[in-house]
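Beneath this line is the structure, given in structure tokens, with notes to follow.
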Amino acid sequence: MQVHLIDGTYELFRAHFGAPSRSAPNGQEVGATVGLLRSFAALLREPGTTHVACAFDTVIESFRNELFAGYKTGEGMEPALLAQFPLAERASAALGIVTWPMREVEADDALATGAARLRDDERVTRVLLCSPDKDLAQCVRGERVVGFDRRKQETLDETGVLAKFGVSPGSIPDYLALVGDSADGIPGIPRWGAKAAAALLARYERLDAIPEDPASWDIKVRGAAGLAENLNPRRDDARLYRTLATLREDAELTPPATLEALAWRGPDQPALVALCAELGVSVPALP
């Protein structure tokens with residue numbers, strides 16, 4: 001059987017920028033929450049959706065902000081969107097989806113932890129990491145743990161990770177450390193683009209294994225001298241960026257990431273009816 005692990009923060013953002021604006025009876029903007037509610041209900045109606053969990057960045061900042069001042073924060077987020085996080089979590093829980101509100105670590109850490117704990121369960125045929133975020137590519141394992149873009153209906157297995165990034169899943173944190181990740185505020189190393197990083201990591205796997213002397217590189221990379229000149233004095237920075245990009249697999253999850261806990265058993269009907277009344281929408285159809 002399949003397990004869907006959903007990035008609720010991404011889904012809320014997607015709904016905010018993709019769904020129409022809508023006001024609740026009390027005047028609050030709830031368009032993103034309504035969009036998320038309908039999207040999740042549609043997922044639950046799909047054949048094969050039997051085990052589901054959803055993680056949210058209840059607090060945008062995490063332990064990574066203590067490591068690096070430039071890491072992403074909630075600064076600049078639209079107040080109308082930020083105010084809907086509690087509603088979105090309620091919507092997920094009311095639909096009967098196991099909901100993980102994350103505070104010390106991020107939603108992606110929860111998904112990584114869930115995937116790590118479920119991938120060895122012989123009853124699990126596939127874990128779907130429902131998010132297009134690049135950092136989750138490090139969690140992909142063969143065709144057993146895969147990325148899944150619900151909007152595009154595209155699956156990313158280990159072969160797909162290699163084709164897309166030029167490196168294996170295990171090298172994704174090193175790759176992001178070198179090229180940067182603007183979505184998370186990771187600046188990367190100057191002059192290091194995707195092509196050069198992929199070529200060197202495909203050969204050496206880890207940034208620490210890349211020789212300092214470019215004359216020692218046994219593959220040809222354009223601008224090798226300049227790349228080495230920029231990386232060598234910034235190797236400690238690169239290691240920090242790799243730490244920021246490395247997802248944790250030890251997040252505390254309640255309920256735990258077990259097949260039994262994640263089985264969908266239907267909505268919390270009273271909570272769902274009350275929430276829909278608050279939002280000013282009809283109760284979605286569910287199996």
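Reckoned from all heavy atoms, side chains included, excluding hydrogens, waters and symmetry mates.
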Would you check if the side chain of [X] reaches a backbone N or O of [Y] as a donor-acceptor pair within less than 3.5 Å?
X: Ser171; Y: Asp174; result: no
X: Arg265; Y: Ala263; result: yes
X: Arg234; Y: Asn230; result: yes
X: Trp100; Y: Phe56; result: no
X: Arg141; Y: Arg119; result: no
X: Asp133; Y: Leu136; result: no
X: Asp109; Y: Ala251; result: no
X: Glu158; Y: Gly142; result: yes
X: Thr58; Y: Arg103; result: no
X: Thr99; Y: Ile97; result: yes

Atom [atom1] of [X] and atom [atom2] of [Y]: how far apart are they, to the nearest 0.5 Å?
X: Arg203; Y: Ile219; atom1: CZ; atom2: CD1; result: 7.5 Å
X: Leu129; Y: Leu111; atom1: CG; atom2: CG; result: 6.0 Å
X: Thr125; Y: Leu128; atom1: OG1; atom2: CG; result: 8.5 Å
X: Arg14; Y: Leu36; atom1: CZ; atom2: CG; result: 9.0 Å
X: Phe68; Y: Thr243; atom1: CZ; atom2: OG1; result: 12.0 Å
X: Leu244; Y: Asp181; atom1: CG; atom2: CG; result: 10.5 Å

Would a hydrophobic clustering, with Ile, Leu, Val, Met, Phe, Trp and Tyr connected at side-chain separations under 4.5 Å, put [X] with [Y]?
X: Val105; Y: Leu12; result: no
X: Phe13; Y: Leu87; result: yes
X: Val127; Y: Val98; result: yes
X: Val59; Y: Met102; result: no
X: Phe85; Y: Tyr10; result: no

Closest approach of [X] to [Y] (non-hydrogen atoms, all atoms of both residues):
X: Glu29; Y: Ala32; result: OE2-N, 4.4 Å
X: Leu95; Y: Pro284; result: CD2-CG, 4.3 Å
X: Gly185; Y: Pro187; result: O-CD, 3.4 Å
X: Ala238; Y: Ala177; result: O-CB, 3.4 Å
X: Ala110; Y: Ala55; result: CB-CB, 3.7 Å
X: Ile186; Y: Leu176; result: CG2-O, 4.0 Å

Check this for me: [X], atom [atom1], are more than 12 non-hydrogen atoms of other residues, nucleotides or ligands nearer than 6.0 Å?
X: Glu249; atom1: CD; answer: yes
X: Glu46; atom1: CD; answer: yes
X: Arg222; atom1: CZ; answer: no

Please determine, by modelled atom types, if [X] and [Y] share a side-chain donor-acceptor pair under 3.5 angstrom.
X: Gln138; Y: Thr246; value: no
X: Ser62; Y: Glu106; value: yes
X: Tyr204; Y: Asp218; value: yes
X: Gln84; Y: Thr33; value: yes
X: Gln2; Y: Thr50; value: no

Is there side-chain contact between [X] and [Y], with at least one heavy-atom pair below 4.5 Å?
X: Val52; Y: Val3; answer: no
X: Leu37; Y: Val34; answer: no
X: Glu78; Y: His16; answer: yes
X: Glu61; Y: Glu66; answer: no
X: Asp149; Y: Leu156; answer: no
X: Val283; Y: Leu275; answer: no
X: Leu201; Y: Glu205; answer: no
X: Leu207; Y: Tyr175; answer: no

(request) Before giving the answer on side chain to side chain contact (heavy atoms under 4.5 Å, CB included), spell out for Leu5 and Leu262 the whole-Å C-alpha distance, their side-chain angles and the decisive distance to 0.1 Å. (result) CA-CA 10 Å; Leu5 300 180; Leu262 271 55; 3.9 Å; yes

(message) Check whether Phe63 forms a cation-pi arrangement with Arg248 (NZ or CZ under 6.0 Å from the six-membered ring centre, at most 45° off the ring normal).
(response) yes

(message) Strictly below 4.0 Å, N to O, side chains only: are Arg239 and Asp208 in salt-bridge contact?
(response)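 A salt bridge is present here (some side-chain N lies under 4.0 Å from a carboxylate O).
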
(message) Show, in sequence, the C-alpha distance, side-chain angles and deciding distance for Leu227 and Trp217, and conclude whether the side chain to side chain contact (heavy atoms under 4.5 Å, CB included) test is met.
(response) CA-CA 12 Å; Leu227 292 170; Trp217 297 356; 4.1 Å; yes

(request) I would like to know whether Arg144 and Asp121 meet salt bridge (charged side-chain N to carboxylate O under 4.0 Å, His left out); could you show each step before the answer? (result) CA-CA 11 Å; Arg144 188 172 181 79; Asp121 190 322; over 6 Å; no

(message) Run the side-chain hydrogen bond (donor to acceptor under 3.5 Å, both in side chains) test against Arg150 and tell me which residues pass, sequence neighbours left out.
(response) Glu11, Ser39

(message) Assess the residue pair Asp184 and Lys134 against the criterion (salt bridge (charged side-chain N to carboxylate O under 4.0 Å, His left out)); give the C-alpha distance rounded to whole Å, side-chain angles, the decisive distance to 0.1 Å, and a yes or no.
(response) CA-CA 10 Å; Asp184 287 339; Lys134 295 189 289 291; over 6 Å; no

(request) Would you please test Val140 and Ile172 for side chain to side chain contact (heavy atoms under 4.5 Å, CB included) and show each step? (result) CA-CA 10 Å; Val140 171; Ile172 289 293; over 6 Å; no

(message) If you apply the rule side chain to side chain contact (heavy atoms under 4.5 Å, CB included), what do you find for His51 with Met1, and how did you get there?
(response) CA-CA 8 Å; His51 295 73; Met1 60 190 69; 3.0 Å; yes

